[in-house]
There are 2 protein chains.
Amino acid sequence: MAQNEVALLEALEQERSLLGRSSTAERVAALLREQIMAGAIPPSTRLSEDAISRALGVSRNTLREAFRLLAHERLLVHELNRGVFVRQLTPEDLSDLFQVRRLVELGALRGVRAVAPERLVALRAALDEARQCAADGRWMDVGTANMRFHLAIAALAGSPRVGELMEHVLAELRLVFLVMPDPRRFHEPYVERNAEICRLLEAGEVNEAHDALVRYLDDAERELLRAVT
Amino acid sequence: MAQNEVALLEALEQERSLLGRSSTAERVAALLREQIMAGAIPPSTRLSEDAISRALGVSRNTLREAFRLLAHERLLVHELNRGVFVRQLTPEDLSDLFQVRRLVELGALRGVRAVAPERLVALRAALDEARQCAADGRWMDVGTANMRFHLAIAALAGSPRVGELMEHVLAELRLVFLVMPDPRRFHEPYVERNAEICRLLEAGEVNEAHDALVRYLDDAERELLRAVT
DNA sequence: CGCTAGAGATTGTTGAACAATCCCACAAGG
DNA sequence: CCTTGTGGGATTGTTCAACAATCTCTAGCG
C-alpha cells in the first residue's frame with residue numbers, strides 16, 4: 001500500500017507543471033507574443049497602452065506588466081516616456097544572436113562526448129515534422145520546426161537555464177524570418193542540412209556533426225545578414 | 001571648426017550611457033538588488049508588498065514592476081498569490097549555473113584563437129583589484145573581484161547578450177557566497193588560480209588556459225555544492 | 001530656413017478600492 | 001490521534017481614475 005501511494009504521488013508530481021496557473025499579465029504577454037511571432041504586429045510598431053488595454057479588456061497596469069515581460073525577452077524594446085515597440089533587429093543584433101547560438105549549440109554538442117541515443121529522439125522528431133511541413137508546402141512551419149531542431153540541440157546540455165536562453169534567442173531570430181521575402185527559398189535547404197547533422201549524431205560522429213553545425217550557422221548568419229541590410 | 005564639432009559630438013556620444021535615465025521601478029529594483037547581493041535580505045525571505053512600498057515611499061504598483069524585473073533576473077521567485085521571495089539556490093540550481101558558466105566561459109576562450117592583448121586589460125584589472133582586496137582583508141570584495149574576472153572572460157566573446165547573461169548568472173551565484181561560513185577560506189585560493197589563467201592567456205597559451213579554467217570551474221562547483229547540502 | 005513656444009497626446013506614478021487567494025487556528029468527526 | 005471542513009484575517013491580483021512628467025507636432029516668429 002505504501003508503495004502504491006509513493007508511486008501515485010510521484011506521478012502527480014510530474015504533472016504538477018500542468019496546473020501551473022498564470023496571472024492575467026502572463027496570459028496577456030503570451031497572447032501578444034503569439035501575435036508578434038506570427039507577424040501580425042510587424043517590427044518597429046509602437047504598442048499603445050491605451051488602445052491595447054482597451055482592446056484586451058485589461059487595465060493599463062496589467063498590460064504594462066505584460067510589456068515588461070516581453071521587453072525582458074527582447075521581443076519589445078521599452079523607451080522611457082515613448083512607449084514600447086516591437087524590436088527591429090539590427091545587423092549587430094543578428095551577429096550577436098548567432099554568436100550566442102555558436103556558444104550554446106556548439107558547446108552543447110561538445111558536452112556530449114558519449115551520444116546518448118535516447119536523447120536524440122527530440123532531434124529526430126523535429127526533423128520529421130520539418131519534412132512533413134515541407135511536403136505540405138507550409139514553409140513558415142518548416143522554419144518553426146527547424147528552430148525546434150536547434151532547440152533540441154541546445155537541450156543536449158541538459159540545463160534548464162540554457163534551454164530558456166535558447167528559446168529567447170530563437171524567438172528573437174524569428175523576427176527576421178518574418179520579413180524574409182521568400183520563405184521557401186530560405187527554409188527549405190536547411191532541412192536536409194539538419195538531417196545530415198542528426199545522422200552524424202546518431203552515428204556517434206560528434207566531431208563531424210560539430211563541424212557541420214559550424215558551417216550551418218555560418219551560412220545561416222550570412223544569408224540572414226544579407227536579408228536585413 | 002567642423003572637426004571640433006565632430007570631436008565634441010563623439011565625446012558626448014560616449015557619455016550617453018550615463019544620462020540613460022531610469023524609471024522609478026528600475027531604481028527601486030536596483031536598490032533591492034543591492035540589498036540582496038549584500039546579504040541584507042537573506043534567501044527565502046518573503047518580501048511584503050505593503051511593508052516595502054511603504055518603506056520606500058513608492059506605490060504598490062511600482063514596487064510590483066520592480067519585483068518583476070528582479071524575478072526575471074532570478075534573484076526573486078514569484079509564487080502566485082503568495083508573494084515574492086529571495087531565491088534560495090538548490091543544488092540543482094547550482095549545477096545548472098556552472099553548466100552555463102562552462103558553456104559561456106570555455107566557449108568564449110575557444111572563440112579567441114588569436115589572443116588580442118588589449119582585450120586582456122580587463123582581466124588584469126580585475127585580478128589586481130582582487131589582490132588589493134585580499135591584502136586589505138576584505139574577503140567579500142575579493143569574491144566580487146573574482147566574479148568580475150570571470151565576467152571579463154565571458155566578455156572575450158564580444159557579445160552584449162552573453163555579457164548580460166553572465167552578469168545574471170554571477171548575481172545568482174552570489175546568493176550562495178552570502179551563506180558561506182568562512183569567506184576567506186573560500187575566496188582566497190581562487191585569486192592565484194585566476195592569476196594563473198591570466199598569465200597563460202597573456203602568454204598566448206590558450207589551450208592551457210582553457211584546461212586551467214575547466215579545473216577551476218570543477219573545483220568551485222564541488223566546493224559550493226558541499227556548502228549548500 | 002531654422003528655431004521656439006505651446007497645445008495635445010502618451011506614458012509614468014500614485015492611491016484607493018474590491019475580488020481572489022492563501023494561511024492559520026479551531027472545531028467536528030472517524 | 002489524525003484527518004477533514006470551516007471560518008476569519010491577512011496578502012496578493014487587478015481595476016480604475018487622477019495627476020505629473022515627458023514627448024510630438026504644428027504654427028508662428030525672427
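Here the structure is a predicted model, which means the values were calculated and not measured. Atom set for the values below is all heavy atoms of this structure, side chains included, hydrogens, waters and symmetry mates excluded. Residue numbers start from 1 in every chain, and the chains themselves are labelled A, B, ... in the order their sequence lines are given, proteins ahead of strands.
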Nucleotide nearest [X] when distance is taken to its side chain, options [options]:
X	options	result
A/R27	D/dT14, C/dT14, D/dT12	D/dT14
A/N81	D/dC23, D/dA18, D/dC16	D/dC23
B/H78	C/dG12, D/dT15, D/dG13	D/dG13

Could you tell me how far apart [X] ([atom1]) and [N] ([atom2]) are, to the nearest whole angstrom?
X	N	atom1	atom2	result
A/R60	D/dA18	CZ	P	13 Å
B/R54	D/dT11	CZ	P	10 Å
B/E65	D/dG13	CD	C1'	15 Å
B/L80	D/dT11	CG	P	17 Å
A/D50	D/dT15	CG	C1'	15 Å
A/N61	C/dT13	CG	P	11 Å
B/L76	D/dT12	CG	P	13 Å
A/R64	D/dT14	CZ	P	16 Å

Mind checking A/R46 for me? I need base, sugar-phosphate or nothing, with any heavy atom below 4.0 Å counting as a touch. sugar-phosphate
When all nucleic acid strands are considered with a 4.0 Å heavy-atom cut-off, which category describes B/L47: base, sugar-phosphate, or nothing? sugar-phosphate
What I want to find out is whether A/R138 reaches A/E129 closely enough, with some N-O distance under 4.0 Å, to be called a salt bridge. no
Is any side-chain N of the basic residue among A/D218 and A/R102 closer than 4.0 Å to the acidic one's carboxylate O? yes
Above 12 or not: heavy atoms from other molecules or residues under 6.0 Å from CD of B/E79? yes
Please confirm whether the shortest side-chain N or O distance from A/T24 to OP1 or OP2 of D/dT14 is below 4.0 Å. yes
Ignoring hydrogens, what is the shortest heavy-atom contact between B/V162 and B/A157? Give both atom names and the distance. CG1-CB, 4.4 Å
More 5' along DNA chain D: B/S48 or A/V58, using each one's nearest nucleotide? B/S48
Only one of B/E73, B/E172, B/E92 passes salt bridge (charged side-chain N to carboxylate O under 4.0 Å, His left out) with A/R161, and that residue is B/E172
